[in-house]
Amino acid sequence: MLVGAFWILLILLISTIAATYVTDGQTQQSAYGDDWNDLGLFRAEINRMGVDTTALVSSPLLLSEIDHPEEAIFIISGVEKDTISLPRFTGDENVIELSEGAGYTTSEILAIDEFVEAGGTVLLMDDKGYSSTLAEQFGLEFSGHTLYDGEAYATELDYNFIWVNTTSAFNFTTNSGSLSSIHPCLRDSDTDGFIDLLDTDPYDITTFPAGITKEDAGLCSHRWISETEWDFSENYNLLTNQPSAFNAGSYNPVENRYDIGKSTLDSYLDTNDDGNLTIGSSAFGIDGDEVGPFAVYVRYCADRLCVGADSGRVHFVADGSILTNSLYDDAFYSGVDDVVPSNDNRKWALDVIAESLLIGNSSAKSSSNAIVIFDESRHQQPTLFGDTYNLMYYLLIYFTNDWMAMLLLFLGLFITLEAVLIRKEDPENWRHVFRIIYYGFGDARRYEYYQKPEKIRQVLLTRIRNLNTLSREEFDALPAAELQRMIDDQVLTKFIFEDRRYKPDELVGIVKRIKEWGSTSSEEEVEYVDS
Amino acid sequence: MATEVVPESKTLHITKLRFRWQILLLQVLSTVSLLYLMRKMSELYGECSETFIANSGEDGWCPAYEHTRGLRWMKSNGNTILPDFITGINETGFDAFTMPLVLCFVLTALWVFIQTRGDRFQLILKRTFSVIMASWFLLPFLISWLIGIVSNGFYLPIGNSDDKFNHINLVLAPFEFFFELVFFGIVFAPILAGLMGIWGLSKRMITWATGYFLMVIGIHAMLTFEGVTTAVDVGLRPLSAQIGEATLFGGMISPLAFDLLTVAILLLLFLESGLAVITNLEYTSVLPEASKKDSEYVNQFDNIINGHLIHLFGVMIVVGLTTAFALEFDDFLISFVGILEGSQWSGQVKESLELQLTYGKVISASLFMIVVAGGRFVIPWQRITGVIETGLSKIRN
Amino acid sequence: MWTRKAAIILTSGISLILIGMMISNFQLMIIGLTFVSFLAINGWVEGHSDLEINREVSAVNVYKGDDINVILTITNKSYRRTQQLEVFDNVPHEMKMRKGINLMRMNLGPGQSATIRYTVRCPLRGHYTIGPTSIRYRNAFNLFVSETSIGDRSDITVFPQVRDVEEALIRSDVPKMYTGATTLKTPGQGMEFYALREYFPGDSFRSINWKAFARTGELMVNEKTRDAVTDVFIILDTRDVARIGTVLKNPLEMGTVAAASIANYFIKRRDSVSLVTYGERMDFLPPETGDKQHYKVLSQLAAVESKGSMPLQAVTNALSPRISRGSPVFIISSLEGDGTTLSAIRNLSGKGHEVIVLSPSSIDLERLVSRIPRMAYEVLKLERQNRLTAISGYGAKVIDWTPSVELSQALLQIRTV
């Protein structure tokens, strides 16, 4: 019964943990799905361009295993699931932290941060998911409310589809000017109309190739117009679907954070989430919606102004569905009755890919080390088995990467091993043992009493009585003189009548005499037949 | 109560059992496994890294599983006591192991011989050895000092400007011998212990040797871990980071995995065959004299030991195959998942980073093991083999 | 059941796999996987199968010190191998293995058998059970163990030794009237003439006294005396004090040998023997004769244990209606710790019974196990002597039986007033 209770408790515990992770929900924003709200087309295009794509189903802790992070991009499209809160050592005065923030654990956020520091690129697209803790690591804050724009919305669709236009995506600061040269698909040092990667001599305007095919364009093929024409535009018209925005403070050149795409002045954040514009003022006691403009697309660089080609970058977009199939390909219809207007979502996304993967290349094609990683660890899975499988990976990776968990694991293994060594016993070898050791002891307390003169006296008197076949009454009535006569031994007589302390050797002598007296008196009465 | 008695050579006395072919086979198997394990370990863990060799040259020592580097290092810093032909430092490859192995065998034979002598003989031997060691430590020092005193008058044997009067250095010479033994022992201590355990019937020594090998592997793993080498690089050559493609035996296993699996199997084989002999002889030692000659006991002992041999070979082969399959099960899983078209999850798993790293191998291998362990509830293989055995015995009769 | 080795291998295997993953070392992972695989594969091999066990014992009733030969046959009745089995026949720890061993390791194929033969000696009387037979399957690599037992049991009764005391009883001063049948002064179906009476219808014609008929003219029949066998009563003290001494030498053991020997002697002479044991309670075996009674006496003696503190007088009071007049009474007791012995024996003697008290010297037996100071010992001996003298003063024959003296020799000693 105890064993059964143990197993029931264990199953309950595992179910409780799993329930926070394995949740039922609608699947969306997966790079491996083909629905209108998945990113399958984006992934397929990357594969067509010859770049390997992988999925991360367990935990971003694995990013530390990437061999060439400077040629890797980690794409997070919607953080739909919360993480399991496991305790961790903080390494500071707090010592231990028992609960985690939503979305990613602190260890995972640090792993992503280290990935960026190592030169990796992260593309984070989320609106009202669980990515706020990750954004906070880089000094950003999601507002968490839906953005509406009275001026820049897709009239072909409805007010949920907001245009985010940026005229110069490479003007990071007010006085930096255009830094499009950091982008390999836009860098033309000799301004001969051919990008440096494809130019025969990037620094000689007179030397250039006769023409460039689309295949030669490699990862920059989305900017290829014709063999001699190239798209050097720096603006993007991004179409978003129910986006959110970042709170004030997103732009901070000191911290290498640059606002790239913003909403218009006519935009507002639905802070009371009622779907309507609420105009109010705190003076009147009415909480009104915040009025724009708001940053919707922010770029973070590990180094100043992103000048280093292999330095880390993070692209923050406050819309998780910006690269969904229906927006990525405006010819894609799936449940959307109206025609999706043409947009630069695809161009922008491929620009991000090219910028992150073309590091020190001599051509526009990616190297064999280039890798695009889609984060599927925070997406709902269509099946319970899928969620469970991913959970197993999550736990395995967590316990072998997070140092607190590793410590707990070591401790657990050590305790288990010790428990096995101490408690587990093999059955004894059978053998027959002949054992009949047994001692019946008498009452040893009486020995002392039997050495006392009173007892010896009593024994002597009884002996005298028995040998003279007298009853107790007769013996008690016996005069002293008669008794003396019966004894006929001076020493014994003295012993009977004198009540004094006797030395041990005296008593020994008396006992001997009693023995002799008894045997002498009854000698003729005992018949011993010789055998 | 009349019982059948077997001939003297077939009884279950330990002296007779030692020459039974089954016992000898197990012991030889254990010995061969031990030696082959040593060879494999030296191939995998006996090299220093190229960087280290480039920086330190031939005289540098890294804590690899080999003995010649350390002894050469000692020799370059002073005289070694053991002659070169015994240590094998002038040999290359596996030839460097030949003479030391012969020495191990000789020591084992001596030790087994001593164990068969009485306590008194052993006590005399221990005392003699202690006297010799003490003499070796003190006599050269005392004699040379005395001679010096006689020739040059009294002086202390330490702190003199002329080194020839610092006789205390002679006391340190035996310590150099012990250092030599330490370098020697890095490779040959488990071999000696293993041989003594196998032929001297000591479970403790066999277990110790097994633990030592695991410890060497563990220490090597720790010292070649990237997190450690960035702080302290002792110069060990690490194992390859990638397990490689399965190209051996029809695509069943990769070459690196095969080598590593061989080490694991040899370790188990050495341990189990060595312990099997001791366990079975322990059982016969508790039998009374009459039972040792009883044909019933002798027959059943034969059954047990033959069954054990069959188990040993069969299980080891199956374990090797199972582990090899388990290591490649992730490929099968990917292929299987790939068949499930149109599934978001299958697409993710197929391309997952985890499956490309070791995690995928571990999860898939663990799943495979669970299936293998559960298979016994499904397949009544013992009944099948029993029916076959019954049929065969009927045919024979 | 997993053995310690299997548990260590599993724990080590999992640890090696996890540590190997942590530090990205394939060797540790592969060794760990190999360990786990080793366990998984060995889990496929199971032992036991359908076993039939048959035990034969050479005798179920033996005397103390006799040997019993046991043959245990194990047959595999199934279609699969048993794998390595250890068969252990549970023998009580009071029995000593004389030849062979009650253990065997075997591996039986389908239909095969194995036989275990061993001989045990039983140095202590009592009721014992050999069995059940324990079976243990142990995996070839000592990874898994499972046990079961087959409840085939054989009950063995070990009787106390029966010594030959005939010569001693003949040569001693024990009254010789206890030889076979005795005539009692009551009319019955005996042999001797009792009286004449008139004929009643139904009397046998053979019993008609024709001389008396010729003399008196009336039909008279000869009435005979009742020939009755003498009832010998043996009262054995099995109180707690009877346990003093070693396992083989204590008043109870000595008493049971004496009781068995005396009972055997009288039963052989066709006397009715009754056995009364008293300790925690009183057990009364009514007087009977013959082999059946002999068996009952020995069985009862085999089962006695030293417990309780019932006084002798309570026993004699309970027995007095049952003890026929003139029946001799043997009291076998150390006479320790019972203030009623004198009065009990006095009452018995007063009723005309011949009382023989055979008293094992518990003080000498105590001396075998305890260091009694010399003086205390002498005084205890004196006190015991006093007690025996008092008893013999009431007409009982008292035998002071020391441990070093054989029963037959002890019976030759008498004490008369």
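The sequence lines fix the lettering, A, B, ..., with proteins before strands; numbering per chain opens at 1. Being a predicted model, the structure only gives us computed values, none of them experimental.
Note: A:F74 CZ to B:L353 CG = 9.5 Å, rounded to the nearest 0.5 Å. Note that the OG atom of B:S352 and the CZ atom of A:F374 stand 14.0 Å from one another [nearest 0.5 Å].
Counting heavy atoms of neighbouring residues, nucleotides and ligands inside a 6.0 Å radius, atom CZ of A:R431 does not exceed 12 of them.
Of the residues considered (A:I66, A:I371, A:L62, A:L56), A:L62 shows the highest number of contacts with chain B, using heavy-atom pairs under 4.5 Å.
A donor atom on one side chain and an acceptor atom on the other are found under 3.5 Å apart for B:E354 and A:S58.
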